[in-house]
Amino acid sequence: MAISSSNANCKHSLTPVEHTVKKNEANKGRRFFRCAQWKNDDCGYFKWADGIISETSIGTSSANHDIAMDRRMLEVNLNLDRKNGRLKGDKRRLKGELIRVKRGNKGGF
């Protein structure tokens with residue numbers, strides 16, 4: 001089923017703009033629709049005009065954006081796990097110091 005610009009909207013609620021692949025690649029000459037704001041505030045909207053998803057269409061800006069976001073989230077989670085591990089180690093160390101101080105002060109005050 002072919003997609004027309006009249007029956008699809010991007011996340012900005014704008015009518016996508018039709019383009020044609022100009023690069024020398026397998027999809028040269030193929031028409032597609034893209035977010036009308038792709039130069040300024042791309043929401044990642046992308047659809048082939050013919051509606052066919054090919055192996056060469058995998059890796060569009062939308063898919064790349066999703067992969068980049070997933071990778072960034074993994075990095076953030078890894079950093080949080082590392083910080084959490086350091087905090088747990090600090091907590092154990094401080095608890096040990098507190099116990100030693102308490103033991104040392106039992107007869108002193």
**OP:** Could you tell me the separation between the OH atom of Y45 and the CD atom of Q37, rounded to the nearest 0.5 Å?
**Re:** 15.0 Å

**OP:** Mind listing the closest non-hydrogen atom pair of F32 and T20 along with its distance?
**Re:** CE2-C, 3.9 Å

**OP:** Of all the heavy-atom pairs spanning V21 and N27, show the shortest one and how long it is.
**Re:** CB-O, 3.2 Å

**OP:** Working to the nearest 0.5 Å, report the span between NZ of K28 and NZ of K23.
**Re:** 12.5 Å

**OP:** Any chance you could measure L98, atom CG, to R103, atom CZ, to the nearest 0.5 Å?
**Re:** 10.5 Å

Subject >> CZ-CG distance between R82 and N84, expressed to the nearest 0.5 angstrom >> reply: 13.0 Å

**OP:** Starting at NZ of K39, measure out to CZ of R34 and round the result to the nearest 0.5 Å.
**Re:** 9.5 Å

**OP:** With rounding to the nearest 0.5 Å, note down the distance linking NZ in K83 to CG in L78.
**Re:** 11.0 Å

